[in-house]
Amino acid sequence: MKPITAALLGLAALGTASGLLAAPVGSAAFGACGSGLQAAAQAQGIPAQRFEHLMAGIEPDLSVLPLLDAQPEFTTPIWDYLAALVDTQRIADGRAQLVQHRALLDTVSAQYGVDAATIVAVWGVESDYGRVSGNRPLLQSLATLACNGRRQPFFRGELLALLRLLDHGDLDGEGLTGSWAGAFGHTQFMPSTYARIAVDGDGDGRRDLVASVPDALASTANYLKQAGWRSGQPWGVEVRIPPGFNSALAGRTRRQPLAAWRALGITAMDGREVAPAGITADANAALLLPAGSSGPALLVFRNYDAIYSYNAAESYGLAIATLADRLRGGGGLTAAWPTDDPGIGRAERRQLQALLLARGHAIGMADGMIGSASRRAIQIEQQRLGWTTADGRPGRRILAALEGTPLPAAPTAFTLPPAYPRFVQSPIVRSEIPMTDVQGLSTGDFHGFSAWKVETPFSSAAISVFGGQLLSFVPTGGAEVMWLSPSAKAPPTPIRGGTPVCWPYFSRQGQGNDVPSHGFVRTVPWTLQQARREADGSMVLTLAPPVMDNLSLRLTMVLRIGKTLQQELITDNTGSQPVNFTQALHNYFNVADARAVQLQGLDGLTYLDKLDQGNAHVQQGDWSLHDPRDPGRSDRIYTRAGGRYVLTDPGLGRRIEITTTGSRSVVVWNPGEAAAQKMDDVGAGWRNYVCVEAANVGPDVIELAPGGRHVLMQVLAVSPL
């Protein structure tokens, strides 16, 4: 069984580390417990020298101990738990995975008898389809839990199982990470489960649940089959209980034949007899009342038990089951939860965090992960609103309250910094670290621009010194993601293409024509402040423009280049007065033909059309240049945007997923043929790019309190069609 999974990764409060000091690195870091582990490993065929090699450099991480008693399956209200795990984003992504992996899933389903939607639902809840599989070193977490805390025998067994997998060559321990409890891979198997259940789904002779989607999905299907999955039967059905029903009869282990439940007055939601397809009247069923008799009621069958065995928590089982139903096209549970403040999904959580950031709360980034900092900020806002209960809970009520109290929209009119003319010059490379100290990092010329160049196992990139501008991002084996004008001008002219950084204002923000368009930082040289190579080979760079004395705002940019490209603009207010600012990451995406691409994620949003004097319109369907209202061109600011967009390019056979946080607006721009002819660094190139800009622009003005911080982040992920 797999009692702890990475579903908690999307829900557990962050920042719960105990702060205790770790023991020093060394073979004796775990004391007598470490000696006992070595003896146990040797008894299972792992020589002492091999044990020491595998454990070299491992030290205790006591921050995992508080998490033993903070598992969200048991501490989070069911409506919050399901709202976060079965949200619109996870449903849409899951349906896309069903299409992308249709042939594989057909084969796996036929072999193991488990339907594709359930397999994909496990994948979605466990790791968000491979996006969030855990970043804690597995050996360190398991060794710590094997020697500390209340479940040492269990974690001791898991550590030994992991050591055997490493010793036998099933896994490579270098950079192997997972959840704090030791679950890892696409569908978060514990090591003992991995050893017992994992199968080779792609036929390459290895069971690799970390890098191989076929292995992970086939292994998940095998797990459910071994747990007693019955092909062709449902996991359960939502039902209606009669008034005065004895709720003591409910519970997963209190089973009766379906006919007995019918006799007690339980009906289908439409009042008819409960008769699920594939279930006979004498089949055992259990009644679940996850929120008591006033909330949804469900009769569950043998397949629910198979799901439940993956992680022994009722809320977890319901998350998998209901997500699978939604992936099949179902509408979810009918009955309402007994609360006047329903839970919110990740898109709404990001909106809530963006509102908190805009009010000056230092909560990090708006990533949809509600940690202790976000909860404290929510509590402060609840108190400010005069609520009698200030519990820091992220729900629909606080989101609506903050959306209903708009920030002052009066812009800050920035003046030209005195040192700005001195900064604007042909840049030289400015690095505060020795470039030779970081593998894969170098400097040189990129299409005529001085740049930092990055090489990782997953991708390459180039960042211009002039403007700190991303010029290139190329996934290994793939095509260039960013468009760069072949006729881009040399500094100090702004570079056309890549990702210009527009800051601290976008377009004009109350200032006159004596200041440069789109901010001060896109035409000055930047400095590389930090660089590090992560365990998986990804590169993290921290850059900043020069400090401008009359500006109390300070800007830092963090780039993480690996399987995806993650870019953060971090703005701090070091002054004593609030400052209003706008900003954008002005992405020029390389496409085969701008007339053939589509952009998903905007349907139903209001946009301000700059080509129509800023008048408001509503987007109908996906964006394309064939919009009948104004075909062939686009210059739009979409407001109250959700933060996830997918650019589909049939010409290059790929999709670019743009996920943003700390942003309530997105700009979509292509000048079209006529306007492009008047731009000497665009011309015919308009056909080969579409700008999709992560932004705070138009009515989305950030008011940053003194000492406050705002983070605008975007993540670019490329996948084949």
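The chain is numbered in sequence order, starting from 1. Note that this is a predicted model, so its numbers are computed, not measured. Heavy-atom basis, side chains included; hydrogens, waters and symmetry copies ignored.
Although no hydrogens or angles enter the test, the distance criterion places no donor-acceptor pair under 3.5 Å between the side chain of Asp215 and the main chain of Ser212. Asp649 contributes a side-chain N or O that, together with a main-chain N or O of Ala592, makes up a donor-acceptor pair within less than 3.5 Å. Side chain of Arg554 to backbone of Leu551: a donor-acceptor contact under 3.5 angstrom is found. Between the side chain of Ser663 and the backbone N or O of Ala695 there is at least one donor-acceptor pair closer than 3.5 Å. Of the possible polar contacts, none joining the Asn590 side chain to the Trp483 backbone as a donor-acceptor pair under 3.5 Å is found. Between the side chain of Thr542 and the backbone N or O of Gln529, no donor-acceptor pair lies under 3.5 Å. Not one N or O on the side chain of Lys453 forms a donor-acceptor pair closer than 3.5 Å with the backbone of Phe446. Put simply, the side chain of Thr523 never gets that close to the backbone of Pro494: no donor and acceptor are under 3.5 Å apart. Of the possible polar contacts, one joining the Ser127 side chain to the His186 backbone as a donor-acceptor pair under 3.5 Å is found. Between the side chain of Asn670 and the backbone N or O of Trp686, at least one donor-acceptor pair lies under 3.5 Å.
Defined by atom type and a distance below 3.5 Å, a donor-acceptor pair is present between the side-chain atoms of Ser538 and Asp536.
Under the 4.5 Å side-chain criterion, counting only non-hydrogen atoms from C-beta, Leu355 is in contact with Arg664. Between Asp612 and His617, some side-chain heavy-atom pair lies under the 4.5 Å cut-off. For the pair Glu657 and Ser719, the minimum side-chain heavy-atom distance is 4.5 Å or more. A heavy-atom distance below 4.5 Å is not found between the side chains of Met539 and Gln439. Inter-residue side-chain proximity for Ile363 and Gln353 is flagged as met; some heavy-atom pair is nearer than 4.5 Å. Looking only at side-chain heavy atoms (C-beta outward), Leu559 and Leu543 come within less than 4.5 Å of each other. Under the 4.5 Å side-chain criterion, counting only non-hydrogen atoms from C-beta, Leu553 is not in contact with Leu555. Annotation: side chain of Arg349 is not in contact with side chain of Gln351 (no heavy-atom distance under 4.5 Å).
Atom CD1 of residue Ile570 and atom OG1 of residue Thr556 lie 6.0 Å apart, to the nearest 0.5 angstrom. Atom CG of Asn573 is separated from atom CD1 of Ile702 by 12.5 Å, given to the nearest 0.5 angstrom. For the atom pair CG of Leu565 and CD of Gln714, the computed distance is 7.0 Å after rounding to the nearest 0.5 Å. Rounded to the nearest 0.5 angstrom, Leu441 CG and Glu455 CD are separated by 10.5 Å. Between the CZ atom in Arg522 and the SG atom in Cys502 there is a gap of 5.5 Å [rounded to 0.5 Å]. The distance from the CD1 atom of Ile561 to the CD atom of Gln567 is 9.0 Å, given to the nearest 0.5 Å.
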Please step through side chain to side chain contact (heavy atoms under 4.5 Å, CB included) for the pair Val454 and Leu541, ending with a clear verdict. CA-CA 10 Å; Val454 174; Leu541 305 180; 3.8 Å; yes
Taking it one step at a time, do Asp87 and Arg350 satisfy salt bridge (charged side-chain N to carboxylate O under 4.0 Å, His left out)? CA-CA 13 Å; Asp87 61 3; Arg350 288 193 291 268; over 6 Å; no
Given salt bridge (charged side-chain N to carboxylate O under 4.0 Å, His left out), test Lys489 with Asp680 step by step and report yes or no. CA-CA 10 Å; Lys489 306 300 182 183; Asp680 58 4; 3.7 Å; yes
Go through the steps for Tyr588 and Arg496 under the test side-chain hydrogen bond (donor to acceptor under 3.5 Å, both in side chains), then give the verdict. CA-CA 9 Å; Tyr588 288 77; Arg496 177 77 69 184; 3.1 Å; yes
Begin from the C-alpha positions of Arg644 and Gln600 and carry the test side chain to side chain contact (heavy atoms under 4.5 Å, CB included) through to its verdict. CA-CA 8 Å; Arg644 181 177 178 273; Gln600 302 168 1; over 6 Å; no
Between Thr456 and Thr476, is the side chain to side chain contact (heavy atoms under 4.5 Å, CB included) condition met? List the steps. CA-CA 9 Å; Thr456 80; Thr476 300; 5.7 Å; no
With side chain to side chain contact (heavy atoms under 4.5 Å, CB included) as the criterion, how do Val690 and Trp669 come out once you've worked through the C-alpha distance, each side chain's angles and the decisive distance to 0.1 Å? CA-CA 6 Å; Val690 170; Trp669 177 63; over 6 Å; no
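Exactly one of Phe581, Phe423, Tyr505, Trp526 qualifies for a ring pair (Phe, Tyr, Trp, His ring centres under 6.0 Å) with Phe520. That residue is Tyr505.
When the shell of 6.0 Å around CZ of Arg709 is examined, it contains 12 or fewer heavy atoms from other residues, nucleotides or ligands.
In this pair, Phe506 and His586 present their aromatic rings tilted. The plane angle is within the 30 to 60° band.
Closest of all the heavy-atom pairs between Leu602 and Trp623 is CD1-CB, 3.9 Å. Scanning both residues, Val668 and Tyr638, for their nearest heavy atoms gives CG2-CE1, 3.8 Å. Here the closest heavy-atom approach between residue Ser665 and residue Val697 is recorded as OG-N, 3.1 Å. The two residues Tyr689 and Pro671 have their closest heavy-atom pair at OH-CD, 3.1 Å.
A salt bridge is absent between Glu673 and Arg595; no separation between the charged side-chain nitrogens and carboxylate oxygens falls under 4.0 Å. Between Asp128 and Arg346 there is a salt bridge, with a side-chain nitrogen of the basic residue lying less than 4.0 Å from a carboxylate oxygen of the acidic one. Taking 4.0 Å as the cut-off between side-chain N and carboxylate O, Asp93 and Arg131 count as a salt-bridged pair. Looking at Arg636 and Asp627, a side-chain N of the basic residue comes within less than 4.0 Å of a carboxylate O on the acidic one, giving a salt bridge.
Ring-centre distance between Trp123 and His101: below the 6.0 Å cut-off. Outside the 6.0 Å centre-distance limit, the rings of His447 and Phe449 are not counted as a close aromatic pair.
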